[in-house]
Number of protein chains: 2
Amino acid sequence: MNNSGEYNRDSDLSLKLLVVLTRALESIEKQIVKNIKSYKLNLTEFAVLEVLFHKGDMPIQKIGQKILLATSSITYVVDKLENKNYVKRVASPTDRRVIHATITKEGKALMAEIFPKHKDALTEIMGGVDVSEKEWLVEHLKRLGLHAKNL
Amino acid sequence: MNNSGEYNRDSDLSLKLLVVLTRALESIEKQIVKNIKSYKLNLTEFAVLEVLFHKGDMPIQKIGQKILLATSSITYVVDKLENKNYVKRVASPTDRRVIHATITKEGKALMAEIFPKHKDALTEIMGGVDVSEKEWLVEHLKRLGLHAKNL
DNA sequence: ATTAAATGTCTCGAATTCGAAATAAATGAG
DNA sequence: CTCATTTATTTCGAATTCGAGACATTTAAT
């Protein structure tokens with residue numbers, strides 16, 4: 001292995017894999033955006049609500065780690081969600097630097113309506129591969145991502 | 001199949017797959033950005049140069065299709081690359097609405113230096129899975145993406 | 001040939017994201 | 001305890017992206 005032939009094959013496949021990975025995610029995200037647009041939410045707002053809906057209160061910074069966004073961007077998104085009354089800020093009782101974002105009653109009601117639909121829609125969107133292929137994909141994309149992250 | 005148990009498994013896997021897909025691409029892109037930053041290029045500028053370097057002249061709009069960006073965004077990126085003398089605009093001889101972007105001598109020289117390094121680096125970055133796994137990933141991500149696109 | 005519809009590019013304003021700097025609070029070293 | 005360092009959030013300015021509208025040109029229909 002790692003002779004010139006193998007090596008070029010690996011390189012070419014890596015280039016190709018980057019392209020298909022990018023295109024697949026692009027297509028999937030476009031479909032999701034289409035589905036949540038009627039609720040006047042963009043992908044980031046939806047992601048924040050989803051995290052709070054399922055995991056409960058969370059400091060601003062931790063939300064950023066969950067959804068892969070800079071802390072300053074979370075400030076911006078939480079501002080928007082607060083204006084829409086889906087989220088409110090609550091000071092941490094134990095650490096006065098920390099602000100927790102909490103989902104409101106309205107936010108919960110919205111997500112209770114949207115999330116099941118989103119889940120069903122996503123299952124449709126991901127219908128190009130079957131259950132066992134998804135398992136394989138999850139496992140190997142996890143490896144791919146972890147290796148890339150820890151370089 | 002498609003009894004309630006299977007269905008929920010499929011849904012949960014679909015949600016999970018979206019997360020790992022997003023994280024994997026995020027980690028990979030961050031590594032690429034790190035590698036090309038020393039040449040003062042961002043991912044989009046690099047992508048445009050790469051396309052022109054390998055496919056030759058191309059109308060503004062077609063570049064947008066290749067790298068999945070709105071035409072107005074390509075205008076912006078080509079402006080930047082033109083200011084850096086890596087690209088120039090050439091009117092189409094056959095259709096006076098069309099502008100071709102062409103890579104300059106300087107652009108070619110830059111890419112001749114960067115691209116092989118990028119290719120090697122990407123092969124490293126993608127080292128979390130082996131060649132046959134990459135083949136499988138390419139095939140199935142293509143299916144996944146096409147199905148999502150054509151919904 | 002004339003008109004209507006479609007296409008390609010650019011401009012503009014709005015939205016989103018980032019990173020650096022500012023501020024406030026907590027932690028650690030001595 | 002006190003000072004320096006670290007951590008959490010926000011603010012600010014810059015960069016990037018999109019979509020709608022403007023404009024010029026081409027294509028299609030009659």
Side-chain angles (χ1 to χ4, degrees), chain A residues 22-23 25-27 29-34 36-37 39-49 51-52 57-84 87-102, chain B residues 22-23 25-27 29-34 36-37 39-49 51-52 57-84 87-102:
Chain A
T22 303
R23 286 180 190 256
L25 186 57
E26 178 87 8
S27 297
E29 284 185 344
K30 275 194 176 142
Q31 295 291 342
I32 298 171
V33 166
K34 199 197 295 179
I36 62 180
K37 186 149 53 181
Y39 300 96
K40 310 286 185 194
L41 293 176
N42 67 23
L43 213 44
T44 304
E45 294 169 314
F46 181 71
V48 170
L49 283 178
V51 164
L52 298 180
D57 297 8
M58 198 175 287
I60 298 293
Q61 197 179 41
K62 194 162 182 187
I63 298 173
Q65 292 165 2
K66 280 280 179 201
I67 70 174
L68 306 179
L69 228 53
T71 306
S72 57
S73 304
I74 303 296
T75 294
Y76 171 76
V77 178
V78 169
D79 281 350
K80 285 178 59 192
L81 290 173
E82 218 172 12
N83 287 333
K84 294 178 178 178
V87 152
K88 65 178 192 296
R89 284 177 163 88
V90 180
S92 163
T94 57
D95 185 334
R96 289 169 49 184
R97 295 169 302 180
V98 173
I99 305 288
H100 287 85
T102 313
Chain B
T22 303
R23 285 178 192 255
L25 187 57
E26 178 87 8
S27 296
E29 285 186 344
K30 274 195 176 142
Q31 295 291 341
I32 298 171
V33 167
K34 200 197 294 179
I36 62 180
K37 186 151 51 182
Y39 299 96
K40 311 286 184 193
L41 293 176
N42 67 24
L43 213 44
T44 304
E45 294 170 313
F46 181 71
V48 170
L49 284 177
V51 164
L52 298 179
D57 297 8
M58 197 174 289
I60 298 293
Q61 197 179 40
K62 194 163 181 187
I63 299 173
Q65 291 165 2
K66 279 279 179 204
I67 70 174
L68 307 180
L69 229 52
T71 306
S72 58
S73 304
I74 302 296
T75 295
Y76 170 75
V77 178
V78 169
D79 281 349
K80 284 178 60 191
L81 291 173
E82 217 171 13
N83 287 332
K84 293 178 179 179
V87 154
K88 64 179 193 295
R89 284 178 163 89
V90 180
S92 164
T94 56
D95 186 333
R96 288 168 49 183
R97 294 168 302 180
V98 174
I99 305 288
H100 288 86
T102 314

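Lettering of chains follows the sequences in order, A, B, ..., and the numbering in each one begins at 1.
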Presence of [X] side-chain N/O under 4.0 Å of [N] phosphate oxygens OP1/OP2:
X: A:Lys80; N: C:dT16; value: yes
X: A:Arg89; N: D:dT10; value: yes
X: A:Thr75; N: D:dT10; value: yes

Would you mind reading off the distance between [X] atom [atom1] and [N] atom [atom2], rounded to a whole angstrom?
X: B:Met58; N: C:dG8; atom1: CE; atom2: C1'; value: 15 Å
X: A:Gln65; N: D:dT7; atom1: CD; atom2: P; value: 12 Å
X: A:Asn42; N: D:dT17; atom1: CG; atom2: P; value: 17 Å

Check every atom of [options] against the side chain of [X] and return the nucleotide holding the closest atom.
X: B:Arg97; options: D:dT17, C:dA6, C:dA25; value: C:dA6
X: A:Thr71; options: C:dT17, D:dT9, D:dT17; value: D:dT9
X: A:Tyr76; options: D:dT9, C:dC18, C:dA15; value: C:dA15
X: B:Ala70; options: C:dC18, D:dC18, D:dT9; value: D:dC18

Over all strands shown, is [X] touching base, sugar-phosphate only, or nothing at heavy-atom distances under 4.0 angstrom?
X: A:Lys62; value: nothing
X: B:Leu69; value: sugar-phosphate
X: B:Thr44; value: sugar-phosphate

Within the distance-only criterion (no hydrogens, no angle test), does the side chain of A:Gln61 pair as donor or acceptor with the backbone N or O of A:Thr71 below 3.5 angstrom?
no

Verdict with reasoning, B:Arg89 to B:Asp79, per salt bridge (Lys or Arg N to Asp or Glu O under 4.0 Å)
CA-CA 9 Å; B:Arg89 284 178 163 89; B:Asp79 281 349; 2.9 Å; yes

What one should report as the nearest heavy-atom pair of B:Lys40 and B:Glu45 is O-OE1, 3.8 Å

Could you tell me whether B:Lys66 atom NZ has more than 12 heavy atoms of other residues or ligands within 6.0 Å of it?
no

